[in-house]
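Quick note on labels: first sequence line is chain A, next is B, and so on, each numbered from 1.
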Amino acid sequence: MTTMTRGGFASAASSLEFNTGGWRLARPEHRGRHAPCETSCPAGENPRAYLGAAADGDLRAAWEKLVEANPLPAITGRVCHHPCETGCNRGQYDEPIAIHSIERFLGDRAIEAGWDYPVGAPGGDAPAAAIVGAGPAGLSAAYHLLKRGIKPVLFDAQPAAGGLLRSALPPYRLPRTILDREIERVIAAGIDFRPDKRIGRDISIEELRADYRAVFLAPGAERPRRWSADGAEPARMRYGLDLLKSWTSVGDLPVKGKIAIVGGGNTAIDLARVLKFAGATEVHVITFQALPGAAAVPDAMSAVAREIRQAVEEGVIIHDHRGIRRLIMRGEKLEAVEMVHMREMDDSGRGRRLVAFEGTETILKADEVIPAIGQEVNSAGFESVIGRGPFFHADRFGRLADHAGIFAGGDACGAAGTVSGAIGDGRRAARAIEAYLRGTAPPEQAVIEPIAYRHLNLSYFDHAPRAAAPILSASERSAGNEIESSISQAGVHAEAERCFSCGECMACDNCWTLCPDNSVLKLAGAPPGRDRYVFDYEHCKGCGICAHECPAGFIMMIDEN
Amino acid sequence: MEPKREGISVAALHHQQPAFRGLDAGHMACPGCGQALGARLVTEAIGPDAIIANATGCLEVFTSMWPRSSWRVPWIHSLFENAPAVASGIEAALKAQGRQTKVVVMGGDGGTFDIGLQSLSGMLERNHNVLYVCFDNEAYMNTGVQRSSSTPHAAMTTTSPRGETRMGKRHLKKDLLAIIGAHRIPYAATATVAYPSDLRAKVRRGIEIEGAAFLLVHSPCPLGWGHDGADSIEVARLAVQTGFFPIVEMERGVVAGVMKIREVRPVADYLRLQDRFQHLFEDSREAREELQHLQELADHNIEVYGLRADEPHPRDSEGADTVRRGGMRWS
Amino acid sequence: MLEAIEGSAAVARAVALCRPQVIAAYPITPQTHIVENLARFIADGALRCELVSVESEFSAASVVLGAAASGSRAYTASSAQGILLMTEVLYNIAGLRIPLVLTCANRAVGAPVSAWNDQQDSMAMRDAGWIQLYCADNQEAIDTTIQAYRIAERTELPVMVCMDGFTLTHTLEPLEIPAQEQVDAFLPPYRFERALDPMHPRSIGTVVPPEYYTEARYAHHRALLRAQDEIVAADADFEAAFGRRCGGLVSVDGPSDARIAILSIGSVIGTLLDARDEYPELGPVKLIKLRSMRPFPADALQKACAGLSDLIVLERALSPGGIGIVSAEVRAALSEMQSPPRVHGFAAGLGGRDMPLELYPHLIAAAKARPPVRFSIVDVDPSKVAEEDR
């Protein structure tokens with residue numbers, strides 16, 4: 001029995017024995033949610049995670065988190081169209097985080113420092129898988145198989161790995177040294193690379209299937225898609241990707257006069273810039289897509305926005321929302337093209353269709369028209385598995401219906417045709433291949449909604465300018481020199497600190513600081529992140545301040561009962 | 001419920017927090033109580049070597065239901081109107097004993113603006129080395145939400161109801177800071193639970209100063225103001241960002257600094273979240289006029305204290321609550 | 001060594017000898033000379049003490065509350081309206097069981113305004129939970145002040161030392177002022193177990209729910225009752241050390257065979273002693289000095305009243321609409337006796353009215369009344385009262 005104290009005094013902090021948790025109608029819980037940078041990354045990176053590590057000053061940990069998904073960050077940091085930045089919630093506040101700059105910095109730092117990829121050597125009795133095509137999809141698949149303890153054997157028709165990265169990407173975007181060193185490092189991590197092996201010429205699909213229980217096909221899309229204007233085409237038509245490849249290997253291109261390029265993708269823009277550097281008088285890019293703007297444009301050109309911006313700076317003229325209706329020829333020679341307003345529109349539920357708007361025709365003088373509207377798979381050697389083509393019909397995990405053990409990914413599947421998309425294909429296919437080889441449950445696709453901007457508490461952030469990577473001015477640029485350079489380490493740190501950490505604890509201490517009931521407790525030794533805080537449900541009254549004031553939207557109130 | 005973490009005892013953690021907390025859990029404040037938060041933040045800034053004299057009010061009642069107490073610092077409650085005098089006596093005793101322990105008074109607006117004003121004035125005039133902290137929730141909440149001289153104009157309370165002939169409180173909020181300033185004490189300031197760093201810095205300053213210091217802390221009351229407990233910080237923040245509750249510092253009675261408002265919000269944003277102002281959104285001439293009246297009062301604050309920011313500053317109304325990854329902001 | 005000194009100055013000397021660390025007071029007649037003297041000692045450096053000159057008696061009481069709660073010996077003094085303004089704090093100090101000494105320079109309570117002496121002020125605080133000791137003369141005021149600190153600190157109860165305003169406070173007479181070493185030996189340094197201390201952080205002044213409030217009040221009540229032993233012991237020890245005593249709880253003076261007694265409190269005892277000498281023809285009369293009003297010494301009083309036929313209670317306060325405050329309590333206490341004396345209740349000397357020697361025969365005569373006088377204001381002049389108010 002408690003006895004009355006003299007004058008009614010009480011001992012310090014004795015109220016801890018009194019559990020106010022019973023008052024609660026709703027309880028706070030840590031509920032991590034996906035950030036839009038993550039859900040929009042085709043490669044499957046979680047930028048929030050490596051930005052966090054970078055902000056904590058641990059660059060190696062940041063790189064390791066990065067290469068959990070993408071083994072080629074030095075490359076993608078340069079060439080990716082970074083939809084992560086388009087999705088970045090911070091873009092609605094001031095400017096998105098310069099994720100690509102940090103990705104690139106981490107990739108470069110790993111190369112310089114020689115950090116080992118966090119993979120181990122597969123055991124002697126580990127299963128093996130064959131990968132066809134050493135472009136980004138194949139390299140990614142091989143790397144992720146390796147991570148999963150499967151021996152990857154990587155075949156390519158060319159003497160060196162890289163695929164289109166090597167054959168078509170101009171060095172002003174991707175210096176050869178970076179390309180070589182990063183790919184070398186990935187292969188050295190434990191990939192059995194077999195160059196100069198073309199399917200259908202040096203080895204057949206059937207032989208592969210006999211040797212390997214699982215085969216991943218990522219041969220790319222090498223053959224330009226045919227193009228004509230109302231059925232007409234010039235006698236000697238050159239295709240964009242071919243021109244780019246020959247310029248990349250030879251280093252020069254015979255060009256003169258005014259050029260009209262058809263297409264809105266990276267090939268169109270890369271080629272336009274190469275031609276401009278090579279001395280074309282005028283280079284026009286004609287596309288039914290839209291110029292990218294500050295806000296996300298639904299039908300924006302698929303080329304990287306900054307490349308488009310730089311191309312315009314260099315004098316490339318872009319005609320967006322236009323198509324070519326007619327070629328105006330004088331005999332064999334092209335005189336001009338007839339452009340018309342053109343958009344891709346909804347075809348009442350049956351996909352999309354191009355619509356040209358009559359009465360909007362204009363004439364553009366041109367000496368040559370070059371189509372760059374995409375490529376198809378060269379199906380030679382793949383006839384038994386590609387079906388009707390021109391692409392492999394794979395699901396999200398690369399699985400081909402009716403061909404158990406065969407997987408495909410990258411440009412050969414006809415998707416967006418991006419490097420990061422190809423890396424994502426390889427990563428997901430590796431999961432499916434492992435499941436197939438080990439007989440475990442196949443992966444299933446989950447629909448993941450990222451946390452919305454309105455679920456963040458923006459009061460706790462202040463405006464800060466985005467880190468700007470140094471860029472050569474238009475007059476300083478040439479085809480052989482990288483245009484954009486790295487940001488500084490201090491810049492990386494500052495930029496990483498701009499991250500809102502959408503949907504994940506940033507260890508800002510807000511919940512701990514603002515709880516009126518001391519019911520958010522801090523673990524002093526824990527690293528920055530969700531493990532640092534514990535809810536004391538014995539005392540938490542469920543007021544909801546922690547959830548309301550969490551800047552990152554990491555705490556949710558869950559109804560009791 | 002979240003899974004229990006291995007090897008972590010929540011009970012033990014209360015005794016292992018990295019910052020000293022003079023007010024611990026198990027108190028009986030309403031969920032979302034601004035004063036409970038404010039009091040704890042103040043104790044964090046003063047540290048363990050302090051004695052608190054607490055005036056009668058919510059804080060006193062909800063922290064000291066015998067046989068339990070939520071305080072980790074020596075604490076005394078005597079009466080409603082004498083806390084400053086009790087603190088004066090404590091300070092005199094400590095001085096006589098040659099001890100350096102800090103003395104802090106905590107009281108509500110009823111105990112400070114009204115019934116204890118004389119005692120407070122005496123303490124300030126004698127310039128005792130005491131920090132007085134008033135948690136201003138703008139009415140007598142402990143007794144069931146009656147108007148005080150701190151209640152804002154037009155706010156509804158149980159003794160200033162909205163009726164056929166009244167639009168809530170007829171009178172204006174007492175300008176207590178001017179009264180405090182007139183004592184020409186070394187330091188006086190306002191703060192709010194919405195800006196903990198600012199609050200703590202002011203507590204530390206008030207404690208360091210030799211002589212009397214006064215701090216008025218705007219502390220939302222979900223019950224008395226009629227807002228969701230989860231919105232307590234939001235409401236307090238809007239009070240600042242609208243100019244309704246100016247954040248200022250005084251040295252010897254002269255305004256020495258203010259928290260500038262970077263983006264001035266209309267007072268309606270602040271009022272709308274609270275039931276005590278809901279009648280101002282009725283469709284009537286009186287409601288429109290009183291709503292505008294409150295806007296004019298906020299504008300007046302902005303004008304006389306020069307609250308509008310010319311350019312962004314890290315300690316203005318937008319910058320002062322910026323958090324950093326890793327919690328450095330609050331440490 | 002005897003020293004001719006005013007009562008207030010003497011009390012100030014006594015307080016200073018007790019080495020208080022904090023003094024807080026607000027001026028009110030007739031208390032002012034005490035605090036003025038103390039302020040002078042402090043200003044002269046003769047007393048090392050924090051003097052807090054507050055803005056009201058309410059704060060004076062609050063300051064000493066805080067100081068004593070922090071472990072310092074503290075002192076305050078007041079009178080009349082000042083005591084009443086302190087009311088809330090005085091109850092609080094007692095309920096918190098904080099040891100303190102307060103001098104009440106007794107004065108009438110307005111309205112109408114009177115700056116002069118009666119005991120209505122301290123009587124109004126009878127239920128505040130304090131020990132109340134009344135001084136019959138200024139030597140007792142000195143000695144009781146010193147004893148009061150010992151009693152307070154041993155019982156953890158506050159002590160109010162009551163001395164009649166002007167009659168004692170402003171009267172000059174030869175008095176024995178004890179030596180510092182003697183007082184130091186009698187009154188060891190103060191150590192308050194429950195002091196506010198960051199090393200032992202207690203919460204003082206909590207909310208006590210109905211399940212325990214009764215027990216808190218009971219404990220306080222018992223503490224006051226038990227304090228009777230401390231009061232007696234303090235007086236006995238004081239006598240052993242200083243050779244003087246103040247009469248413990250209650251003391252009797254006069255022939256043991258006297259059947260009539262007059263009980264009074266405060267300085268009127270001196271007048272009655274003189275009057276008895278002046279009127280020996282009125283027969284043997286005992287004079288009973290009630291020193292401790294709280295705790296009320298019912299047992300000691302019964303013993304003192306054994307064998308009496310009539311007890312006259314003379315007091316300087318009343319409970320309007322009731323009877324005399326002291327006489328009511330005396331009646332209640334004596335009613336348990338086998339053969340209690342008849343108790344006659346009188347008030348006199350209100351608001352500073354003289355208590356002349358001639359009052360004595362009047363009282364003795366009045367005690368012949370049958371039935372006994374329930375209550376009478378003995379020195380009222382009905383001719384000065386309006387017709388309708390008589």
Side-chain angles (χ1 to χ4, degrees), chain B residues 22 28 46-56 60-103 105 116 118-126 128 130, chain C residues 19-24 26 48-74 76 86-93 95-96 98 100 190 192 194-209 211-213 215-216:
Chain B
M28 303 180 72
I46 39 184
D49 191 18
I51 296 172
I52 291 176
N54 198 160
T56 304
E60 168 257 322
V61 172
F62 72 65
T63 57
S64 71
M65 276 289 176
W66 191 89
R68 292 180 287 264
S69 166
S70 306
W71 299 94
R72 286 186 185 277
V73 281
W75 175 92
I76 184 168
H77 159 248
S78 171
L79 298 166
F80 203 173
E81 67 277 45
N82 72 346
V86 172
S88 301
I90 296 170
E91 183 251 20
L94 296 179
K95 200 182 276 180
Q97 297 165 20
R99 287 159 68 190
Q100 302 296 314
T101 299
K102 314 289 185 193
V103 184
V105 183
Q118 171 183 322
S119 168
L120 170 59
S121 176
M123 186 196 94
L124 299 181
E125 179 267 331
R126 296 187 301 271
H128 286 277
V130 174
Chain C
R19 301 186 186 275
Q21 289 178 294
V22 177
I23 295 172
Y26 185 80
R48 284 171 52 101
C49 176
E50 291 295 321
L51 175 65
V52 184
S53 300
V54 289
E55 80 296 338
S56 71
E57 288 90 352
F58 192 88
S59 284
S62 303
V63 165
V64 291
L65 183 162
S70 305
S72 279
R73 191 170 281 159
T76 187
M86 287 181 176
T87 306
E88 199 191 0
V89 191
L90 299 185
Y91 271 73
N92 201 254
I93 290 167
L96 294 173
I98 290 175
L100 263 180
Y190 174 44
F192 184 36
R194 287 176 287 125
L196 294 165
D197 177 5
M199 298 306 287
H200 305 281
R202 290 183 189 81
S203 297
I204 298 174
T206 61
V207 183
V208 172
E211 306 88 82
Y212 279 93
Y213 186 80
E215 285 69 27

TODO: Would you indicate whether the side-chain heavy atoms of C:Leu100 and C:Thr76 approach each other to under 4.5 Å?
DONE: no
Task: Region of C:Leu196 in contact with chain B, defined by heavy-atom distances below 4.5 Å - done: both
- [ ] Examine whether an atom of C:Asn92 lies under 4.5 Å from a heavy atom of chain B, and if so say whether it belongs to the side chain, the backbone or both; otherwise answer neither.
- [x] side chain
- [ ] Count the heavy-atom pairs under 4.5 Å between each of C:Ser203, C:Ser59, C:Cys49 and chain B, then report the option with the highest count.
- [x] C:Ser203
Can you give me every donor-acceptor pair (side chain of residues 48-55 of chain B, partner residue at least two apart or in another chain, under 3.5 Å) with its distance?
residue: B:Asp49; atom: OD1; partner: B:Thr101; partner atom: OG1; Å: 2.8
residue: B:Asn54; atom: OD1; partner: B:Trp75; partner atom: NE1; Å: 3.0
residue: B:Asn54; atom: ND2; partner: B:Met106; partner atom: O; Å: 3.1

Open item on the list: Given heavy-atom pairs under 4.5 angstrom as the criterion, report whether the side chain, backbone, both or neither of C:Val22 touches chain B.
Closed with: side chain
Open item on the list: Please identify, among C:Asp197, C:Val64, C:Val89, the residue contributing the most non-hydrogen atom pairs under 4.5 Å to chain B.
Closed with: C:Asp197
Open item on the list: Applying side chain to side chain donor-acceptor pair (under 3.5 Å) as the test, list every pair that has at least one member in residues 81-94 of chain B; sequence neighbours left out.
Closed with: B:Ser78-B:Asn82, B:Asn82-C:Ser62, B:Ser88-B:Arg126, B:Ser88-B:His128, B:Glu91-B:His128
Open item on the list: Would the distance check show the side chain of C:Ser70 and the main-chain N or O of C:Ser72 forming a donor-acceptor pair, the cut-off being under 3.5 Å?
Closed with: no
Open item on the list: If we define contacts as heavy-atom pairs under 4.5 Å, which of B:Met123, B:Gln118, B:Arg68 has the most with chain C?
Closed with: B:Gln118
- [ ] Could you look at C:Ala24 and say if it's the side chain, the backbone, both or neither that has a heavy atom under 4.5 Å from chain B?
- [x] neither
Task: Side chains of B:Trp71 and B:Thr63, donor plus acceptor under 3.5 Å - done: yes
- [ ] Check the side chains of B:Thr56 and B:His77 for a donor-acceptor pair under 3.5 angstrom, ignoring hydrogens and angles.
- [x] yes
